[in-house]
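Working notes for the structure below.
Residue numbers begin at 1 in each chain, while the letters A, B, ... track the order of the sequences.
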There are 2 protein chains.
Amino acid sequence: MDSRKQRVLEALIDDYIATAEPVGSRTLARKYGLGVSSATIRNEMADLEELGYLEQPHTSAGRMPSDKGYRYYVDEIMRPTRLNARDRERIRHAYHVRVRELHWFIHQTARLVSELTLYPSMVVAPPLAQALLVDLSFVPLGSGTVLMVLRTSTGMVENQTLAVPDEFDADKLWALAWDFTQEFRGVSLDELKNRILDPLQGDINRYRELWQLAFKWVTGRDGDDDKVSLAGPLNILNYPEFRDIEKVRRVLGFLETKTAVELVSRYFSDGVQVVIGAESSLDDIQDCSLVTATYRLHGSVVGHLLVLGPKRMQYNRVTSIVEAVSEELSRALHG
Amino acid sequence: MDSRKQRVLEALIDDYIATAEPVGSRTLARKYGLGVSSATIRNEMADLEELGYLEQPHTSAGRMPSDKGYRYYVDEIMRPTRLNARDRERIRHAYHVRVRELHWFIHQTARLVSELTLYPSMVVAPPLAQALLVDLSFVPLGSGTVLMVLRTSTGMVENQTLAVPDEFDADKLWALAWDFTQEFRGVSLDELKNRILDPLQGDINRYRELWQLAFKWVTGRDGDDDKVSLAGPLNILNYPEFRDIEKVRRVLGFLETKTAVELVSRYFSDGVQVVIGAESSLDDIQDCSLVTATYRLHGSVVGHLLVLGPKRMQYNRVTSIVEAVSEELSRALHG
DNA sequence: ATTTAGCACTCGGACAACGAGAGTGCTAAT
DNA sequence: ATTAGCACTCTCGTTGTCCGAGTGCTAAAT
């Protein structure tokens with residue numbers, strides 16, 4: 001792979017990304033200043049194909065990048081672009097608000113990323129199972145309902161209104177929450193699940209039912225509702241590779257069922273990762289690429305951020321965006 | 001419109017609903033026991049077309065119902081079907097849970113309806129603007145954050161975590177919430193917006209900033225986030241009329257932007273309503289029908305429920321489902 | 001030893017011609 | 001009033017043809 005081959009590959013991928021059409025030698029010679037004739041390029045292309053970087057949909061068509069070609073492009077050729085001032089500003093100011101709710105951050109981030117990239121984007125919240133319980137409190141709302149508020153070490157504040165069997169006054173509830181917190185502070189929700197619910201003694205006994213409700217609620221929080229925020233799914237309809245309704249169904253279905261959560265935990269390591277086509281080994285998104293990044297809370301990786309698009313994705317722009325946003329998000333969560 | 005025409009129209013619509021193909025006279029004569037020959041039916045069909053109930057995509061095709069035809073079918077011909085035991089059970093048990101969160105009910109309902117009908121479904125929560133403030137409370141979460149909890153007369157419990165300027169202890173917060181509640185109880189959020197924020201005096205003055213935050217939060221709640229729950233949008237991909245990506249984009253876009261909220265308030269009256277095609281005068285869903293219903297809280301209508309599908313919708317089944325669910329939901333909210 | 005011009009070849013897509021099939025409307029017979 | 005029969009119309013799928021884009025190869029040029 002000499003440097004001219006690289007330049008040919010780069011030009012071809014750039015063109016294919018822009019047009020979604022197989023690229024021929026003539027086009028390449030004309031539009032990109034490669035300084036050689038189309039015949040020479042033809043030879044180079046034949047070589048690149050033999051090496052596995054390009055493929056041909058059929059004999060007399062131009063060539064398009066293979067997964068391996070994209071991989072080489074992403075790893076070796078592509079240089080990160082600097083985002084324009086407008087986008088940088090947008091990212092910088094995205095989190096300047098009073099709201100401190102983790103869900104809000106997640107949601108906001110997904111929207112921001114999908115609007116900047118024009119691809120669908122998902123943000124995965126810190127997995128609750130690994131979070132440690134910080135405290136639990138109850139807020140009496142009257143008429144037999146109570147608001148339970150759970151705080152965890154990942155900064156999540158989850159809450160839910162429940163119907164409770166008896167009326168409780170504020171003091172009783174306060175005492176109960178206190179006891180609960182004392183009992184379980186610092187325990188991970190995952191581990192909590194395996195705790196046997198001690199038969200309660202003494203004073204506490206009267207609150208058994210509420211205690212049990214709380215326990216059940218706290219440990220039952222891993223239904224992945226709300227843990228993932230999806231934005232801009234319809235963006236994929238703008239790309240010609242999704243003209244086929246079956247593909248749309250697969251991809252949107254994939255996004256909707258949030259299989260991505262599981263997937264993303266596989267590309268867990270820090271930093272920006274690119275997954276191209278079949279590399280994900282997920283049938284539904286064989287024709288897609290993903291760009292993922294992690295974000296941090298107090299220095300440790302707690303969640304992921306993900307962009308899904310056609311393989312013909314603007315990798316350099318997307319990776320830049322994803323990197324900038326994940327950094328800004330980590331910074332915002334820290335403060 | 002004699003009774004035989006009615007029967008022909010009914011058979012034709014039933015067939016068209018089942019097949020999505022224009023129906024010819026021969027098919028009608030063969031599959032439905034109308035007791036007359038295809039020639040007779042042909043004459044009837046010609047009449048029905050002249051009356052505006054049917055239309056022909058082109059000369060030598062069968063016929064399909066026009067909007068007017070569907071309208072007649074819905075209003076005059078169709079008889080409600082009794083749901084099967086399984087579905088009835090499903091609806092009856094849908095709300096047997098301890099969770100008392102309005103959002104949960106909304107979400108659950110949307111899912112239930114879309115799964116039963118196999119069409120996309122939306123549920124619109126009670127408009128906050130018209131709700132009256134019942135009370136506001138603050139829960140200190142430590143490290144400069146506070147959870148604000150708002151209760152309204154529509155049973156909504158909204159809450160949000162905010163970063164606050166100073167540390168507050170529980171007593172101060174309690175006092176502040178008490179004052180806030182005293183000041184504004186019974187005021188609708190809409191009206192509250194027009195209240196001038198009295199310059200605070202005396203003791204309260206110290207909390208000015210938190211007070212303002214709370215006020216801003218309470219009155220700023222009508223961004224329609226969360227007010228609408230959408231389920232099963234991808235169901236439309238199962239119907240052949242949405243083979244075309246442009247239509248899909250329009251309809252999913254319509255659902256995503258939640259224009260439906262505004263639309264639905266126009267069909268506000270109680271009970272189950274059917275809107276067919278152009279009747280909605282919304283370009284994006286010209287090829288769709290909607291079935292809407294209202295649900296009640298303590299006897300008065302507070303929200304809506306909506307199913308969107310192709311005009312070729314199973315009107316009788318959908319109306320039955322929507323009716324049963326909205327009743328069950330009202331019942332559940334009442335308790 | 002590379003590069004390039006030239007040329008024959010291949011393949012898909014667009015287009016027209018065509019026939020089959022479905023369905024109609026009309027007329028005449030029942 | 002109904003129905004059988006028939007000519008007519010229109011769509012859709014198939015087939016054949018042509019065109020253009022693009023290739024690979026060979027031979028000439030640098």
Any side-chain donor paired with an acceptor under 3.5 Å for B:Y32 and B:D14?
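Side chains of B:Y32 and B:D14: no pair found under 3.5 Å.
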Can a donor-acceptor pair be found between the side chains of B:N316 and B:T81 at a distance below 3.5 Å?
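No, B:T81 and B:N316 have no side-chain donor paired with an acceptor closer than 3.5 Å.
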Below 4.5 Å, heavy atoms only, C-beta onward: do [X] and [Y] meet side chain to side chain?
| X | Y | value |
| --- | --- | --- |
| A:E279 | A:R71 | yes |
| A:L305 | A:V124 | no |
| A:L34 | A:R7 | yes |

Measure from [atom1] on [X] to [atom2] on [N] and round the result to the nearest Å.
| X | N | atom1 | atom2 | result |
| --- | --- | --- | --- | --- |
| A:E44 | C:dT2 | CD | C1' | 11 Å |
| B:D47 | C:dG25 | CG | C1' | 12 Å |
| B:Q56 | C:dG25 | CD | C1' | 10 Å |
| A:L48 | D:dG22 | CG | P | 17 Å |
| B:M64 | C:dG23 | CE | P | 14 Å |
| A:R30 | D:dG22 | CZ | C1' | 12 Å |
| A:D2 | C:dT2 | CG | P | 11 Å |
| A:M45 | D:dT23 | CE | C1' | 9 Å |

Restricting both atoms to N or O, compile the protein contacts to nucleotides 8-10 of chain D shorter than 3.5 Å, with distance only.
{"residue": "D:dT9", "atom": "O2", "partner": "B:S60", "partner atom": "OG", "Å": "3.4"}
{"residue": "D:dC10", "atom": "O2", "partner": "B:S60", "partner atom": "OG", "Å": "2.7"}

Exam field: side chain A:D67 to backbone A:A278, donor-acceptor pair closer than 3.5 Å:
yes
If the test is side chain to side chain contact (heavy atoms under 4.5 Å, CB included), which one of B:V228, B:T292, B:V291 qualifies with B:L306?
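Result: among B:V228, B:T292, B:V291, B:T292 is the only option passing the side chain to side chain contact (heavy atoms under 4.5 Å, CB included) with B:L306.
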Every protein N/O within reach of nucleotides 3-7 of chain D N/O, cut-off under 3.5 Å:
{"residue": "D:dT3", "atom": "OP2", "partner": "B:S37", "partner atom": "N", "Å": "3.0"}
{"residue": "D:dT3", "atom": "OP2", "partner": "B:S37", "partner atom": "OG", "Å": "3.4"}
{"residue": "D:dT3", "atom": "OP2", "partner": "B:T40", "partner atom": "OG1", "Å": "2.3"}
{"residue": "D:dT3", "atom": "O5'", "partner": "B:S37", "partner atom": "OG", "Å": "3.4"}
{"residue": "D:dG5", "atom": "O6", "partner": "B:R42", "partner atom": "NH2", "Å": "3.2"}

Atom pair CG/CD of A:L28 and A:E10 - distance to nearest 0.5 Å
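The CD atom of A:E10 is 11.0 Å from CG of A:L28, to the nearest 0.5 Å.
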Look up atom CD1 in A:I91 and atom CD1 in A:I321, then write down how far apart they are to the nearest 0.5 Å.
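Taking CD1 in A:I91 and CD1 in A:I321, the distance rounds to 6.5 Å.
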Enumerate the residues from residues 17-26 of chain B whose closest heavy atom to DNA chain C is under 4.0 Å, giving them by residue number; use none for an empty result.
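B:G24, B:S25 - these, ordered by number, are the residues of the stretch whose heavy atoms sit under 4.0 Å from the strand.
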B:Y70-B:Y53 aromatic ring centre distance below 6.0 Å
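B:Y70 vs B:Y53: aromatic centres not under 6.0 Å.
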Other residues, nucleotides, ligands: >12 heavy atoms within 6.0 Å of A:R26 CZ:
no
